[in-house]
Amino acid sequence: MSHAPPHATRTNARCTKTIKLSTGQAIPAVGLGTWQSSDEDVYKAVLTALQAGYRHIDTAAIYGNEKAIGDAIRAAKVPREELFITTKLWCTDHTRPQEALDASLAKLGLEYVDLYLMHWPVPLNPEGNHPRVPTRPDGKRDVVEGWSFVDTYAKMQTLLAGGKTRAIGVLNFSVSNLQKLLDAESTTVVPAANQIELHPYLPQPKLVQFCNDHGIVVEAYSPLGSTDLPLLKDATVAQIAAKHGVSVATVLISWAVSRDVVVLPKSVTPARIETNLEVVDLSADEAAQLAALHELAGTRRFVAPDWSPAVVFDSNE
Ligand code: A2P
């Protein structure tokens, strides 16, 4: 049997950290993001991830890949209770979350998900001119008149008793929309999580603080800066990465984990999937440098579809 020499220290380690949701469930701090992953790619990605030690997979009805993800979960043969699976309610299903959840579970081939999130605070007309993003003649989004995300959330709350989701939460909620939701008389369950775009170019400290103050776990999507990836070329992040002898992606993922944020890097590349589960301990100074990066590079939001007339991103703070 061979042993590592006593002086050999691992600079990075597979992240096994979990964060407690208000429901008491433990959510693994690093999960696999699957947006824009095709069926074939996502099947392999989920299988690779589960074999590498991931226990948290994040998908959505709108990604169109729930079936392939379910197939990969079954192929990996990890006991269901070890897994944390999230899927999301699409906008045209806001008035019928039960049916939408049932449809997602049928595709995933699962009896329950661990977390069901409202994908956007925008109820769209289920009978509009497009099945996913219906528009009005003026080109604006065809929102459901007389229905708000508060009504959607009230219906989502009733899902908990049925046991087909263990927790409910939201995505892309700003402080003002969260406040509106929490203030509503019909809201009896604080959202377990708010999944938002979060990285050093968009650190959103006020939103993160608000969530922390209300026991809402923050989940970071596009932690690497999504498709264009200017963050991966950032000189400050590269310097920190070089100091630790790790990839830039590892620094970005580690930064999120160090803030007690759940982080969902998306990849379909086996080697990246594996390294994205590794984290390093950043010094307080490095974490502060990353938090201040947007002051030099400019605040940048990479995922900002036009939802008008609905207001979604009223602040970058
Ligand atoms: P790919 O899926 O081809 O591996 P985000 O999670 O911020 O949305 O970023 C996703 C993008 O980042 C995808 O294009 C993905 O490419 C790429 N990516 C994921 N992990 C890494 C990594 N460790 N190094 C470089 N690029 C990565």
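Computation of the quantities below employed the complete heavy-atom set of this structure, encompassing side-chain atoms and omitting hydrogens, waters and symmetry-equivalent molecules. Counting starts at 1 for both ligands and their atoms, following the listed order.
Of all the atoms in ligand 1, the ones that sit under 4.0 Å from a non-hydrogen atom of T269 are 1 (P), 3 (O), 4 (O). Residue P265 approaches ligand 1 through these ligand atoms, each under 4.0 Å from one of its heavy atoms: 6 (O).
Contacts of V248 with ligand 1, taken as heavy-atom pairs under 4.0 Å, are absent altogether. The proximity of L232 to ligand 1, defined as any non-hydrogen pair under 4.0 Å, is limited to the side chain. Residue P223 touches ligand 1 through backbone and side chain together, judged by heavy-atom distances below 4.0 Å. Using a 4.0 Å cut-off between heavy atoms, A249 contacts ligand 1 through its side chain alone, with no backbone atom that close.
Considering backbone and side-chain N/O of V268, one or more are found under 3.5 Å from N/O of ligand 1. For L224, a nitrogen or oxygen atom sits less than 3.5 Å from a nitrogen or oxygen atom of ligand 1, counting backbone and side chain alike. At under 3.5 Å, a nitrogen or oxygen of K266, whether backbone or side chain, sits near a nitrogen or oxygen of ligand 1.
With atom 22 (C) of ligand 1 as the reference point, the heavy atom nearest to it among E274, R272, E278, E197 is part of R272.
With a 6.0 Å radius and a threshold of 12 heavy atoms from other residues, nucleotides or ligands, K20 has its NZ atom at or below the threshold. Counting non-hydrogen atoms of neighbouring residues, nucleotides and ligands closer than 6.0 angstrom, the CD atom of E99 exceeds 12 such neighbours.
Under a 4.0 angstrom heavy-atom cut-off, G33 registers as lying outside contact with ligand 1. At least one heavy atom of G225 sits closer than 4.0 Å to an atom of ligand 1.
S308 and D306 form a side-chain donor-acceptor contact under 3.5 Å, judged by distance and modelled atom types alone. Under 3.5 Å, the side chains of N125 and E145 contain no donor-acceptor pair of N or O atoms. If you check the side chains of T299 and N316, you find no donor sitting under 3.5 Å from an acceptor.
Once rounded to the nearest 0.5 Å, the distance linking OG1 of T135 with CG of L124 reads 10.0 Å.
S258 places a side-chain N or O within 3.5 Å of a backbone atom of W255 that can act as its donor or acceptor partner.
The pair D93-R96 meets the salt-bridge criterion, since a charged nitrogen lies less than 4.0 angstrom from a carboxylate oxygen.
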